[in-house]
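Please read the structure below before turning to the comments.
Every number for a ligand or one of its atoms is a count from 1 in the order of the listing. This structure is a prediction, so every number in the text was calculated from the model and none was measured.
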Amino acid sequence: MAEFVPVPSFDLVVFGASGDLALRKLFPSLFHRYKDGQIPDDSRIVGVARQVMTKDAFRQSVSEGFANLAKGDPSSPEFQAFLALIDYVALDATKADGPWDHLVQSLADGEDKVRVFYLSTPPSVFGGICAQLRDAGLVSPASRVVLEKPLGRDLMSAKAINDAVAEVFSEDRVYRIDHYLGKETVQNLLVLRFANALFEPVWSRAAIDHVQITVAETIGVGSRGDYYDKSGAMRDMVQNHLLQLLCLVAMEPPNSVDADAIRTEKIKVLQALVPIGPADIASHSVRGQYRAGLVEKEAVKGYLEDLGPDRTSSTETYVALKAEIANWRWSGVPFYLRTGKRLPSRRSEIVVTFRPPPHSLFGHGGEANQLVMRLQPDEGMEMWLQIKEPGPGGLRVKSVPLDLSYETAFTLRYPDAYERLLMDVVRGNLSLFMRKDEVESAWAWVDQVIAAWESAGTQPDPYAAGSDGPLQAALLMDRDGRKWRDLI
Ligand code: BG6
């Protein structure tokens, strides 16, 4: 049985409550925590959006979201009991005359409770909403704010948002979400590295040849084209999820699992990333954009058709990068990052390739050891070792994995990342959230890559949906005498 650390009773206000993220992830995650008995019955959840509708109509859309987007069963008695915690308030949160009094009423008598404001809205309104919350007298001593990504679109806008939010909430009350940090397997990276003495002596340039971090998706941009086209894979995935994974692989051991101890070590990695400027952009990066093709045997449209009729765009739906970290541990060890939409399989993994043996006793057939951390799906770990192929006739060496599947080892339902993160907000645990300077350091590195692309004036390379991405990405590895791990 999983153990659930109880949380105190709380009030949670979700801004952007009729949006895709709220219906697909936030409400279903809250339900699972409720069903497991972690959320006290006197907690209150208030959805806020501009659309005028009754509480019952909103509860109905939460039920439909649970059925259609989260593939759950809203008819269960537990779900119906969960719906009873939910209220709805229609208001324009960017305006002083919102009207705010209905929200004030829904939160009445809750000044002493933990109060969470979850901003699942475009980042351009984060600062404005915080100011309105303060002016409406809603920021109680136990209030905290959750900021959904993307946090801006570059360093300058991220700083402006951070400053505006800081006028209302001190840094220890700001929870910047990167949902990858809530994934079980991502948290396991910390445990793997720092609870097993085995890895630390070999976790450096002395024994590691290179690291690959892949987040491959089969989905296209779907109905998110308007947002995505202004963002692209670099801002949507690399700036946050991939750089966070890189930090967890590369960081020094923190002194404790305290939020600041962990975050300080991650920032050091981000600050040590070598800039990819105009001179390196062609050799260190690839941008791609998907065209029509076949994904998992289904014919799908290209990116431009997904955006709508007669659209043109130079936004990338695929990125591959060769990142380098200038410090004692990692100097000379490339970290290859790649992410893309409409790739042949959904797969997120980190592959650490060790150096080959210094001298080959057995002739051909020996390959370098690899540690593969499968983040999703089929969470687990493989340690690829060389063994003797059984049978007579000499010593033939073969690569085989020691394979740990979490599903087989632990027979638990895998909680969604948001379940863990939402409960951490209520508990006041900031370890899995990004600090202001962390987000800003990540933007500083990403900004100069984007600036180098812009000054080169090149277009993304096309790739067929269902392929491994542009050929140029394979060539990026090939130039270094290396290969991406297969996506299928
Ligand atoms: C989001 C991105 O942050 O992560 C999406 O905005 C992407 O474009 C998603 O599809 C991937 O998350 P997951 O958990 O499905 O790997």
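Neither the backbone nor the side chain of Val215 comes within 4.0 Å of ligand 1, counting heavy atoms alone.
Across Glu217, Lys183, His179, Lys25, heavy-atom proximity to atom 10 (O) of ligand 1 is greatest for Glu217.
Taking every heavy atom of Gln376 and a limit of under 4.0 angstrom, the matching atoms of ligand 1 come to 13 (P), 16 (O). Distances below 4.0 Å separate heavy atoms of Lys149 from the following atoms of ligand 1: 1 (C), 2 (C), 3 (O), 6 (O). If you number the atoms of ligand 1 from 1 as listed, the ones under 4.0 Å from a heavy atom of His241 come out as 1 (C), 3 (O), 4 (O). Shown in contact with Lys341 at under 4.0 Å from a heavy atom are these atoms of ligand 1, numbered in order with element: 5 (C), 7 (C), 8 (O), 10 (O).
Proximity of a side-chain donor or acceptor of Ser63 to a complementary backbone N or O of Arg59 within less than 3.5 Å is detected. No donor-acceptor pair closer than 3.5 Å links the side chain of Thr214 to the backbone N or O of Arg338.
Of the N or O atoms in Ser348, none lie within a sub-3.5 Å distance of an N or O in ligand 1.
Ring-centre distance between Phe169 and Tyr175: not below the 6.0 Å cut-off.
The existence of a salt bridge linking Lys266 and Glu438 is confirmed by a sub-4.0 Å separation between a basic side-chain nitrogen and an acidic carboxylate oxygen.
Of the N and O atoms on the side chains of Thr353 and Gln370, at least one donor lies less than 3.5 Å from an acceptor on the other residue.
At the top of the distance list for atom 6 (O) of ligand 1, counting protein heavy atoms only, stands Asp236 OD1, 2.6 Å. Looking from atom 15 (O) of ligand 1 to the surrounding protein, the closest heavy atom is Arg346 NH2, 3.3 Å.
Residue Tyr180 places a heavy atom under 4.0 Å from ligand 1.
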